Amino acid sequence: MEKINIKQSSYGDFKKGQNKLAEIKKYLIDKTGLVPKSIKISNSKVIIKANNNYEAIEIRMKIPEYLESNNIKVV
């Protein structure tokens, strides 16, 4: 039986991703006042899931430059 080796770098990468998501969520709430349903990273792209289509459009209209510069997609 082989010993499972968990690298410190993979934990660091995970923690860095979680910190990035927390910063994006905080910025989103501060600028738009809307709380997203979920935020996740998929294929190095951040995906924000809004509660409904109205909120998704509202987010896209209020902070388009931030979304483009940070490779964020609002669904």
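Residue numbers start at 1 and run along the sequence shown. Small disclaimer: the values here were computed from a predicted structure and weren't measured.
Residues Y27 and V46 fall within the same hydrophobic cluster, defined by Ile, Leu, Val, Met, Phe, Trp and Tyr side chains chained together at heavy-atom separations under 4.5 Å. By the rule that hydrophobic residues join a cluster once side-chain heavy atoms approach within less than 4.5 Å of another member, V75 and I59 end up as members of separate clusters.
To the nearest 0.5 Å, the span separating CD1 on I41 from CD1 on I47 amounts to 10.0 Å. To the nearest 0.5 angstrom, K62 atom NZ is 6.0 Å from T32 atom OG1. Note that CD1 of I39 is 5.0 Å distant from CD1 of I48, once rounded to the nearest 0.5 Å. Expressed to the nearest 0.5 Å, how far NZ of K49 lies from NZ of K40 amounts to 8.0 Å. The CG atom of L67 sits 12.5 Å away from atom CE of M61, with the distance rounded to the nearest 0.5 Å. If you take CG on L21 and CD on E23, they are separated by 9.5 Å, rounding to the nearest 0.5 Å.
Among I29, D30, I24, the one residue that satisfies the side chain to side chain contact (heavy atoms under 4.5 Å, CB included) test with K26 is D30. Only one option out of L34, I63, I72 pairs with L28 in a side chain to side chain contact (heavy atoms under 4.5 Å, CB included); it is I63.
Screening residues 63-75 for side-chain hydrogen bond (donor to acceptor under 3.5 Å, both in side chains) gives no qualifying pairs among residues at least two apart or on separate chains.
A donor-acceptor pair under 3.5 Å links the side-chain atoms of N52 to the main chain of Y54, judged by distance alone.
With contacts defined as side-chain heavy-atom distances shorter than 4.5 Å, the pair N19/K16 does not qualify.
Of all the heavy atoms in A50 and A56, the pair that sits closest is CB-N, 3.7 Å.
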